[in-house]
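The structure appears below as structure tokens.
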Amino acid sequence: MYQAKAYSVASATSPFISDTIQRRETTERDVQIEILFCGVCHSDFHTVRDEWHSIMPTTYPCIPGHEIVGRVTKAGSAVTKFKAGDLVGVGCMVDSDHDCPSCKANVEQFCPSSTFTYNSPDKHLGGVTYGGYSDSIVVDERFVLTVPTNLDLAGVAPLLCAGITTWSPIRRWGDIKGKKVGVVGLGGLGHMGVKFARALGAMVTVFTTSPGKKEDALRLGAHEVIISKNADEMKAHAGSFDFILDTISADHDINALLGMLGLDGNLTLVGAPETPLQVSAFALLSGRKSLSGSLIGGIKETQEMLDFCAEHNITSDVEVIPIQKINEAYERLARSDVKYRFSIDMASLKSE
Ligand code: NAP
Ligand code: ZN
């Protein structure tokens, strides 16, 4: 074992503080990574505040972070894909059983014994896994991604969760070229959804509660913006969408959004509010609509997404912060005041 620097919280109501944690030495298949940037996902926030208590209770101390970009510092003897110096990424998962039907189908996120990057039982050290708000991490090479060298690294980090979480359902929906696609909530996930839908040729509309984000939505690639609190704007577009991606992190009126779909339209939820959403059967029956969900994406698909980003010069729009500003960043995340992802520069941890 060796010591790594990190920022942790001690309870659902505690602020982040500077901490020291144990990481395992690399085993045969492991890669040791010096973390350069880590994005701040709203899932980090839900977990830190124990908002998903009934489904995934948080074990403290908690060290979140699953949008990791770094450089390989050491590779185990059986590692074949990476060597010291390579730029790599780690997303929401660090292990799985490699053998179940989900793993065989390249959707490791649905493996019954997948290990998440933080707050998941740690098979090696006991306790729970610790995420990327740290200067170093050790990960099985099968869960390490190759990061394109032509992109800004601070903006690449969020691709490892916000990117793949929006890419996967959009690709799964089918060919969205020319289709009318809605992206609900212009935050970390939403702004990536807009970029991908636009790059894949869709007619993109953003639904936002924040009128101040309108200009940005258009700049990010939306053709249109609907202020979802404005009943007239909503009514004017009712029944017209083929596909809607809902990224909202809090309780909201899902039936109003289902009313925006046309015949056989689909709304896919990726947002994970802490309380259940109230779905009216009638919102689905009329127009034969469907409601589905999607959870991140498999490793193979994540690499495909990163390669697409390299080819199309796509990164997340980030506000780079030192780790010392993390408590302030969480306050702003709670107010939907992020343009459009915080990316922590881990060089700031060196001074702790
Ligand atoms: P984020 O950056 O905070 O963005 C969420 C956006 O939702 C906000 O910017 C805001 O957009 C909108 N919003 C927030 N509260 C709202 C409310 N009360 N009513 C209506 N709209 C509201 O969060 P994120 O990192 O993108 O994550 C979004 C959600 O996805 C979280 O619940 C997160 O846990 C979940 N998530 C799921 C997966 C998965 O695999 N399914 C992966 C990662 C994250 P506007 O200002 O534009 O209205
Ligand atoms: Zn995330």
Side-chain angles (χ1 to χ4, degrees), residues 38-49 51-52 55-56 58 64-68 89-93 107-110 114 116-119 131-133 157-170 172 182-195 205-218 220 222 225-230 234 245-254 256-257 268-275 277 292-298 301-302 316-319 329-343:
C38 184
V40 177
C41 179
H42 208 111
S43 300
D44 302 351
F45 185 98
H46 290 304
T47 306
V48 160
R49 300 278 182 260
E51 291 180 347
W52 291 335
I55 295 150
M56 283 183 278
T58 304
H66 57 204
E67 295 185 334
I68 298 168
V90 177
C92 301
M93 298 176 281
V107 283
E108 304 87 355
Q109 69 272 34
F110 305 123
S114 64
F116 291 102
T117 307
Y118 59 81
N119 198 43
Y133 296 8
L159 301 178
L160 276 304
C161 174
I164 184 59
T165 301
T166 49
W167 171 262
S168 182
I170 290 172
R172 188 170 167 73
V183 177
V184 191
L186 197 65
L189 266 56
H191 92 290
M192 289 312 308
V194 170
K195 291 190 183 202
T205 301
V206 164
F207 292 83
T208 180
T209 58
S210 308
K213 292 182 182 174
K214 194 168 178 173
E215 292 299 309
D216 280 347
L218 297 170
L220 290 163
V225 181
I226 295 177
I227 307 301
S228 50
K229 291 176 192 158
N230 182 321
M234 291 289 277
L245 188 66
D246 181 347
T247 78
I248 297 179
S249 52
D251 191 23
H252 59 283
D253 184 359
I254 183 92
L257 294 173
T268 297
L269 280 174
V270 286
E274 62 178 307
T275 51
L277 296 167
S292 48
S294 190
L295 181 74
I296 46 175
E301 196 178 25
T302 305
S316 171
D317 282 34
V318 290
E319 220 178 297
Y330 269 51
E331 282 167 27
R332 287 185 49 199
L333 196 56
R335 297 198 300 267
S336 302
D337 175 25
V338 188
K339 306 277 171 58
Y340 279 88
R341 197 56 137 190
F342 289 115
S343 186

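Along the sequence shown, residues are numbered consecutively beginning with 1. One-based numbering, in listed order, for ligands and for the atoms of each.
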Exercise for the section: Return yes if some donor-acceptor pair links the side-chain N/O of S168 with the main-chain N/O of T165 below 3.5 Å, else return no. Expected result: no
Handout entry: Option among T268, L269, L189 that satisfies the side chain to side chain contact (heavy atoms under 4.5 Å, CB included) test with T247
Key = L189
Exercise for the section: Look only at interatomic distance and state if H252 has a nitrogen or oxygen under 3.5 Å from any nitrogen or oxygen of ligand 1. Expected result: no
Exercise for the section: Spell out, as yes or no, whether a donor-acceptor pair under 3.5 Å connects the side chain of T117 to the backbone of G91. Expected result: yes
Completion exercise
Counting from 1 in the order shown, the ligand 1 atoms closer than 4.0 Å to a non-hydrogen atom of G185 are 11 (O), 47 (O)
Fill in the blank from the handout: Correct closest heavy-atom pair for I68 and G132 would be CD1-CA, 3.6 Å
Problem - Contact atoms of ligand 1, heavy-atom distance to T165 under 4.0 Å - result: 38 (C), 39 (C), 40 (O), 41 (N), 42 (C)
Fill in the blank from the handout: When distances are taken from atom 33 (C) of ligand 1, the protein heavy atom at minimum range is S43 OG, 3.4 Å
Problem - Proximal atoms of ligand 1 relative to I296 (non-hydrogen, under 4.0 Å) - result: 39 (C), 40 (O)
Completion exercise
One finds that the ligand 1 atoms under 4.0 Å from a non-hydrogen atom of K213 are 9 (O), 11 (O), 45 (P), 46 (O), 47 (O)
Exercise for the section: Considering non-hydrogen atoms only, spot the tightest contact between G193 and V183 and give its length. Expected result: C-CG2, 4.1 Å
Problem - Sole candidate of K213, K195, E215 that passes side chain to side chain contact (heavy atoms under 4.5 Å, CB included) when paired with L220 - result: K195
Completion exercise
Only one of R49, H66, E67 passes side chain to side chain contact (heavy atoms under 4.5 Å, CB included) with D44, and that residue is H66
Handout entry: Nearest heavy-atom neighbours spanning W52 and A272
Key = NE1-O, 2.9 Å
Problem - Numbering as shown, the atoms of ligand 1 that approach T208 to under 4.0 Å (heavy-atom distance) - result: 45 (P), 46 (O), 47 (O), 48 (O)
Exercise for the section: Taking the side chain as every heavy atom from C-beta outward, state whether T208 and V225 have any atom pair closer than 4.5 Å. Expected result: yes
Handout entry: Metal proximity, C161 vs the Zn ion (ligand 2), N/O/S cut-off 2.8 Å
Key = yes
Handout entry: E108/S114 under side chain to side chain donor-acceptor pair (under 3.5 Å): CA gap, chis, key distance, verdict
Key = CA-CA 7 Å; E108 304 87 355; S114 64; over 6 Å; no
Problem - C41-ligand 1 polar pair, N/O distance under 3.5 Å - result: no
Handout entry: R341 and C41, any side-chain heavy atoms less than 4.5 Å apart
Key = yes
Handout entry: Enumerated ligand 1 atoms positioned under 4.0 Å from heavy atoms of C161
Key = 42 (C), 43 (C)
Problem - Polar proximity ligand 1 side, L295 side, N/O cut 3.5 Å exclusive - result: no
Completion exercise
At under 4.0 Å between heavy atoms, what of F342 touches ligand 1? The answer is neither
Exercise for the section: Before signing off on this row, confirm whether Y340 and ligand 1 have an N or O atom pair separated by under 3.5 Å. Expected result: no
Practice task
Identify the two heavy atoms, one from G89 and one from L160, that lie closest to each other, and give their separation to 0.1 Å.
Solution key: C-CD1, 4.1 Å
Exercise for the section: Say whether, by atom type as modelled, one donor and one acceptor occur between the side chain of H191 and the main chain of D317 under 3.5 angstrom. Expected result: yes
Practice task
Ignoring hydrogens, just give me the one of L269, T247, L189 whose non-hydrogen atom is nearest atom 28 (C) of ligand 1.
Solution key: T247
Practice task
Compute the shortest N/O to N/O distance between W52 and ligand 1 and return yes if it is under 3.5 Å, no if not.
Solution key: no
Handout entry: Min N/O separation G188 to ligand 1 under 3.5 Å
Key = yes
Fill in the blank from the handout: Looking only at protein heavy atoms, what sits closest to atom 8 (C) of ligand 1 is S336 OG, 3.5 Å
Fill in the blank from the handout: Counting from 1 in the order shown, the ligand 1 atoms closer than 4.0 Å to a non-hydrogen atom of L186 are 9 (O), 11 (O), 45 (P), 47 (O)
Problem - Under 4.0 Å to a heavy atom of L333 - the qualifying atoms of ligand 1, by number - result: 3 (O)
Practice task
Look at the N, O or S atoms of C41, main chain and side chain alike, and state whether any lies under 2.8 Å from the Zn ion (ligand 2).
Solution key: yes
Completion exercise
Note: heavy atom closest to atom 19 (N) of ligand 1, options V225, I248, I227, belongs to I248
